[in-house]
Amino acid sequence: MLHRYAVPLAIFGALALAPLLGFGAGHSLSLLARAMILGLGALGLSVLVGGAGLVSLGHAASFGIGAYAVVMLDAAGQTNAGVVFPVAVLAAAVFALLTGAVAIRTAGVNFIMITLAFGQMAFFTAASLSAYGGDDGYTLYARTRLFGTKLLENRWFFHYLLLALLVLAWAAGRRLLASRFGRVLRAARENPLRVQALGFSPYPYQLLAYTLAGALGGLAGALLANATEFVAPSFIAWQRSGDLLFMVILGGLGQLHGAVLGALAFVLLEEYLAELTPHWRLIFGPLLVLVALYLKGGLLGLVQRRG
Amino acid sequence: MVEPLLELRGLTKAFGALKVTQDVSLSVLPGEIHAVIGPNGAGKTTLVHQVSGTLAPDAGSIHFAGRDVTRLPLARRARLGLARSFQITAVLPGFSVLENAALAVQARSGSSFRFWRAAATEAALNNAALEALAQVGLANRAETLAGDLSHGERRQLELAIALAMQPRLLLLDEPLAGAGPEETERLVGILAGLKARYGILLVEHDMAAVFALADRISVLVYGQVIATGTPAEIRANAEVRAAYLGEDH
Ligand SMILES: Nc1ncnc2c1ncn2[C@@H]1O[C@H](COP(=O)(O)OP(=O)(O)OP(=O)(O)O)[C@@H](O)[C@H]1O
Ligand SMILES: [Mg+2]
């Protein structure tokens with residue numbers, strides 16, 4: 001048996017050492033930043049899907065809201081991190097709360113469809129924001145300022161900031177799922193009727209989890225805007241929601257670090273295949289199908305069977 | 001007169017043209033086991049669903065502890081002290097036996113909007129859960145995944161979960177179904193021991209168990225109560241013998 005922290009330690013350790021072991025160049029760091037940011041969003045989604053059984057196909061909306069919060073504040077001349085990040089997180093949380101209040105009343109396929117619909121609503125809204133570039137997107141000429149400094153522009157600082165946030169979110173997510181609150185969530189995933197028969201209404205628990213995941217998505221979105229220094233409606237496209245869902249499943253649903261592993265694998269694979277051939281999507285697509293069909297328990301399952 | 005714990009008045013329910021519950025009135029007194037028997041498809045489970053709150057009746061009322069609960073949702077009724085077991089076991093298969101019972105304890109001990117402390121380390125929850133497990137003889141299986149239990153053990157866990165809720169009324173839908181002879185004997189012993197502390201509405205096919213345990217029996221046929229009385233009265237009732245018990249009983 002592997003020690004229960006062996007896999008997460010290996011993942012986070014590799015991310016910590018990567019810049020020192022030949023991945024310190026601009027391009028590699030950008031790639032890793034993207035992977036960690038998507039990993040942050042996937043973590044929240046993993047709490048929903050793996051923990052609460054809420055399969056959302058609109059999670060990219062929270063990314064988009066976080067990213068557009070950065071853009072709108074930038075256009076208004078506000079680039080102070082102490083304002084930008086809280087606004088991004090709060091806006092995404094409020095959006096999740098309002099849409100979740102409706103979506104969580106449904107279940108199964110209906111839940112998937114309605115989260116997809118809310119995601120598309122956010123997408124079309126973003127595309128119609130002509131003041132912020134509409135379909136073409138909006139270029140940020142500077143990153144958000146941390147304590148009045150340009151620290152976020154320093155790629156190494158940014159790398160370790162992202163890693164710290166990722167580890168924090170992972171640890172908090174684990175605690176959350178193990179807490180009383182998380183226990184009710186997990187039980188409601190297994191059998192909502194049983195949970196009600198015990199005297200709980202799952203609804204407020206699920207809604208709060210949905211809101212928290214949205215808030216984390218908002219943070220990830222604001223970070224993504226800073227990483228790419230560019231924001232476009234494609235951040236919110238339903239394909240991005242699908243990618244996030246796939247990362248969670250690719251990594252493995254059972255444990256939260258699966259989401260991080262999935263995001264890393266997804267981003268690296270995408271990059272590697274794109275270098276190999278311009279027709280990489282023709283390979284990537286069937287690969288995803290194979291993983292969904294044969295990789296039960298995701299990459300984590302694979303690792304643990306070996307261990 | 002003792003105030004009944006549970007009182008059903010004129011309960012009626014139809015699925016389309018099929019009348020599954022027809023003007024059913026019955027009561028459960030504190031400390032009483034009131035058994036409901038009847039052939040397959042008589043509407044017993046449907047009746048339990050209406051009492052627990054998973055199905056809404058078309059007409060009639062349900063009073064629990066002096067309060068009209070006819071329109072209250074399942075979770076609210078559970079919080080008032082109405083615990084049910086399911087005919088088709090509904091334990092949480094991915095949870096350990098202990099955690100299944102601990103969740104039931106958690107439901108009645110303070111807020112569950114607590115986000116930090118690991119619930120599995122709360123001794124108060126675990127101890128009360130273990131006590132409920134011990135009552136049904138499952139304490140030695142506490143760490144097993146509920147999904148790995150035998151059928152009979154799941155029935156025991158189902159009962160332990162209901163007990164862990166510390167309810168006022170137990171609604172048991174065929175708690176003995178599928179249990180072997182030894183498990184049946186144990187479960188009947190447990191139910192007899194519980195009687196003083198709870199009111200129990202017991203749906204059960206095992207006639208020997210019903211006649212041994214029940215204070216009163218109601219016979220349900222095609223959704224209608226055709227007789228209510230003590231076990232001796234029911235045994236002597238000609239209509240019941242003809243409609244249900246048959247000559248071999
Ligand atoms: N949701 C439903 N929709 C339509 N008909 C139903 C529904 N649930 C139950 N029935 C029918 O209602 C009748 C009573 O079912 P119920 O499950 O209450 O019987 P029961 O007395 O519990 O039977 P058993 O002894 O087999 O458990 C049956 O004919 C059943 O097919
Ligand atoms: Mg039944």
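Sequence lines set the chain letters: A, B, ... in the order given, protein chains first and strands last, and positions in each chain run from 1. Predicted, not measured: the structure shown is a model, and the values here were computed from it.
In this structure, CZ on A:Arg183 lies 6.0 Å from CG on B:Leu125, to the nearest 0.5 angstrom. A distance of 5.0 Å separates CD in B:Gln106 from CZ in A:Phe200, rounded to the nearest 0.5 Å. Here the CZ-CZ distance, from B:Arg117 to A:Arg180, works out to 8.5 Å after rounding to the nearest 0.5 Å. Atom CZ of B:Arg108 is separated from atom CG of A:Leu198 by 11.0 Å, given to the nearest 0.5 angstrom. To the nearest 0.5 Å, atoms CD (A:Glu190) and CZ (B:Phe95) are separated by 5.5 Å.
For the pair A:Arg175 and B:Ala118, the tightest heavy-atom approach, listed with the atom from each and the gap, is NH2-N, 3.9 Å. For the residue pair A:Ala197 and B:Met165, the shortest heavy atom distance occurs at O-CE, 3.2 Å.
Using bins of under 30°, 30° to 60° and over 60° for the plane-to-plane angle, the ring pair A:Phe181/B:Phe113 lands in the tilted bin.
Chain A forms the most heavy-atom pairs under 4.5 Å with one residue out of B:Pro93, B:Ser111, B:Ala75, B:Ala78, and that residue is B:Ala75. With respect to chain A, the highest number of heavy-atom pairs below 4.5 Å among B:Asn100, B:Ile161, B:Leu80 belongs to B:Ile161.
Neither the backbone nor the side chain of B:Ala164 comes within contact range of chain A; no heavy atoms are under 4.5 Å apart. Of the atoms belonging to B:Ser52, not a single heavy atom falls under 4.5 Å from chain A. Only the side chain of B:Thr54 comes within contact range of chain A, with at least one heavy atom under 4.5 Å from a heavy atom of that chain. There is no contact between A:Arg189 and chain B, counting heavy-atom distances below 4.5 Å. Contacts of A:Leu193 with chain B are made by both backbone and side-chain atoms, with heavy-atom separations under 4.5 Å. Neither the backbone nor the side chain of A:Pro202 comes within contact range of chain B; no heavy atom of the residue lies under 4.5 Å from a heavy atom of that chain.
Judged purely by atom type and a 3.5 angstrom limit, B:Arg114 has no side-chain atom pairing as donor or acceptor with the backbone of A:Ser179. In this structure a side-chain-to-backbone donor-acceptor pair under 3.5 Å is present from A:Arg194 to B:Ala90.
By the neighbour-count criterion of 12 heavy atoms within 6.0 Å, atom CZ of B:Arg79 is densely surrounded, having more than that number from other residues, nucleotides or ligands. Counting heavy-atom neighbours within 6.0 Å of B:Glu131 CD, excluding the residue itself, gives a total of 12 or less.
Considering only heavy atoms from C-beta on, A:Gln196 stays 4.5 Å or farther from B:Arg77 through its side chain. Within the 4.5 Å cutoff, no side-chain heavy atoms of B:Phe86 are placed close to those of A:Asn191.
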